[in-house]
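We use all heavy atoms of the structure for the numbers below, so side chains are in, but hydrogens, waters and symmetry mates are not. In what follows, chains are A, B, ... by sequence order, proteins preceding strands, each numbered from 1.
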Amino acid sequence: MALVALNSIDEQVALDKVEFKEVEKEFVLNFGEDEIFLKYPIELSKDHNPDDFLLFQLSNLSLTAENDIFQVVEEKLDKRIGWVFPIQSLMSNFHEKSSDKYFLNYAFIAYNLLLTSNQFSSNIKPKISDISNTCSLQDFFPEDTILFIVSKNAFPQPDEFNLKNYLPSLCSYGYFRYSWNSKEISKASSNILSYYHHYRNSEKIKIKSISSKFNSNPFIEELYESLLFSSRHHLLIFHYLYQVVEYLIDENFKLEFDKLLIEFQSDNISRLDFREELSTSLNEKKRINKINELVKPDNKICTELLNECNRLLVMIDKSKTTYVEALYKVRSLLVHEYRIIASKPELIEIVENINLRFEHLITEILNSDSN
Amino acid sequence: MEIKSLLEDKRINAKNALIEITFKEYIDKAKIILGNNEFQRKRVKSSSSVYSLLKQDINAGCIIPPIVLAISEVEVKNGDTFDQIVTEIDKHSDKLLILDGLQRTNSIIDLEKELIKNGDAEFLEKLYSSTLRLEIYFGINKLGILYRMLTLNTGQTPMSARHQIEILYSDMLGKDFEGLKLITEIQDARPENLNEYNFRDVIEGFNSYLERSEQTIDRFDILDNIKSLEKLSKENQENDLFVDFIKTFHMFNEKIIALSNNWTFDESTLEQKLNGTPFGKSVDRIFKKSQSITGFGAAIGKLFDFGVVSSFKDVQNAITSIEYTNEPNEGLNNMIVKLDKIRLFAKKIGNDQRLLFMLFFKELFDNKGDSYKNIDIAIEEAFNTYIRKTQ
């Protein structure tokens, strides 16, 4: 059941019989012999079957304005698969999409699924006596809820879509799974919040599925399901993200080591060469430079990341350096000398900027099929 | 129908008649009242358990509490006999408004339907012939009647003040009063003429004035109703405040149109492209929207509370000398740009637009402020205050 309310003795009542009355433009929720009416406040457009759609409840760090309504394009399929928008957009005619037929079709489905879907239950359980005269979605769902609606028919196989595979991509726009911790997250600094605002210049966001190499990795799954959003402390975020780098380097080392071993066992290289090659592979700096092979250094995100890393290094009187070394130096700084940064807001702000770009970089790496 | 007693309610300056009527006669009248008045249609369905309780109560000879109605069309003069008054009520019964007892009325009508459907002729006859008491207020003082409606509703199944105002002034729909006309969206798509206003928008604006708040949440809490009562009791009930309110707003609308040199929106005159469609493409379209009318109502209400204005006349006097410092084009473009920015980042666009308008009108009519009667500065100051409050 989707919606639950409380009766006069605080017992939970399932509002599981839902009917839409087109003439009155309202949903009727039946429970026992009584009814609650939920007006459908926006323009009605119902061309689709709710069974062909999936609805997810998300949060966002800062794209929470009523007008933050975006078409979601799947990059590989190169087509729109759905929409992402705040729940407030279903309750108002003041935003830019209020007469967009394509949005309105999805909006009606989303409203319907919120009331009927078993995918998730309502977060708030209001007293029936409080809502019997006038009822809205806000009585059941927190106002910071973001909705992501996906058309199953957009994919070659109807059950192909798995939200888990798109979480890294969504994360780069500030979207993550809804949790009760969202209120803590919304206390993120204004620097972080304003970073995502430039997406308002576009009507679309593009998402890509995580590479099949990583979609069963438990740490990466945990990273995007909860770790990155259980707290937004800059130190935690950097270390979580750097763990992905460590993992990639490690995996790369395993491959190189196996290759080397085969070469040695086949007598293609001498014992001395084997030892030297192994020693080179284990060198920290050489390992770090492998990241260059994962994402091209002239990539815009890499450039921004490099600039922010160097900005931090210069501010603490260390010298500028190249892209991967700069990231490694920042990592060492945060591990060994965090005390220099801890009480300086201007330095913390730069670490936050680094994290924002670092998140993007990790997403690109995880979504790339070429590594 | 028989009048049993006629008294004067001196608090609200209206006559009150206590009436005994058969259920049959009341049901017939109630169907006309509810059929004619969309604002009095039921919003909450009665459960079938209520009918059976009602049926039991009537069977047991229980006395239903008096249903309270009002009628503006009938004026009771000294010397009128009870029979004369009853004749007048019958003549204008389609103009009756239910102040208290809408749910009871709906339950009674639903009970009749159920008895007819079940073919329960015996009980139907018993229902029809049973006696019901009514109280009817006569008079044209609507604010007084609103006050009485709120006092009657406190403690029972709540009706919001806005709903009650809607019911109360629904008889002004479609009629000309003081050169103005209120229309609904059903009658016309949108008010086209300068002197026409959307009924619901004006009701919201007036409610905002009474509540001193531009946010249009329907309040049902008993405590909120009591607060509304306190505010209402301070109002001068001699004049029809609703008419004063809409007249004053219309005066503002006329004045700003006259000052604005036939301004219409032209994107090429903006320094920066808008993010979306403009809030309004003419002065009339900007200021006649519900956000503006509610902002106006809330602002004037607050200025009353601060003692800055003491009557709508003060506001009307100020309106005669409002002015632009710069070209009207600049001020109105600025307003459009500010409203566009709000649409981009507001969590609730409508609420934030209302807030901006409230701040604008407060700046414009606060004689202690730097923006007094200055449209350009009022827009700028309102937006600065809005940013400080919200971002």
**Request:** Walk me through it: do A:His197 and B:Phe345 pass the test side-chain contact (heavy atoms from CB on, under 4.5 Å)?
**Result:** CA-CA 9 Å; A:His197 289 167; B:Phe345 53 62; over 6 Å; no
**Request:** Tell me the residues of residues 286-298 of chain B whose non-hydrogen atoms fall below 4.5 Å from those of chain A, in number order.
**Result:** B:Gln291
**Message:** How long is the straight-line distance from CD of A:Glu66 back to CG of B:Leu344, given to the nearest 0.5 Å?
**Reply:** 12.0 Å
**Request:** Would you indicate whether B:Glu267, at its atom CD, is surrounded by more than 12 heavy atoms from other residues, nucleotides or ligands within a distance under 6.0 Å?
**Result:** yes
**Request:** Please say whether more than 12 non-hydrogen atoms of neighbouring residues, nucleotides or ligands are located less than 6.0 Å from NZ in A:Lys21.
**Result:** yes
**Message:** Just checking B:Gln272: does its CD atom have more than 12 heavy atoms from other residues, nucleotides or ligands closer to it than 6.0 angstrom?
**Reply:** no
**Request:** Rounded to the nearest 0.5 Å, what's the gap from NZ on B:Lys347 to CG on A:Asn67? Could you check?
**Result:** 13.5 Å
**Message:** With a 6.0 Å cut-off (strictly less than), is the heavy-atom count around NZ of A:Lys39, excluding the residue itself, greater than 12?
**Reply:** yes
**Complete:** Contacts of B:Asp266 meeting side chain to side chain contact (heavy atoms under 4.5 Å, CB included) (sequence neighbours excluded), chain-then-number -> B:Ser268, B:Thr269
**Asked** What parts of residues 92-105 of chain A touch chain B if we use heavy atoms and a cut-off under 4.5 Å?
**Response** A:Phe94, A:His95, A:Glu96
**Asked** Heavy-atom count around A:Lys25 NZ within 6.0 Å, excluding the residue itself: above 12?
**Response** yes
**Item:** Which residues share a side chain to side chain contact (heavy atoms under 4.5 Å, CB included) with A:Glu143, sequence neighbours left out
**Value:** A:Gln138, B:Lys348
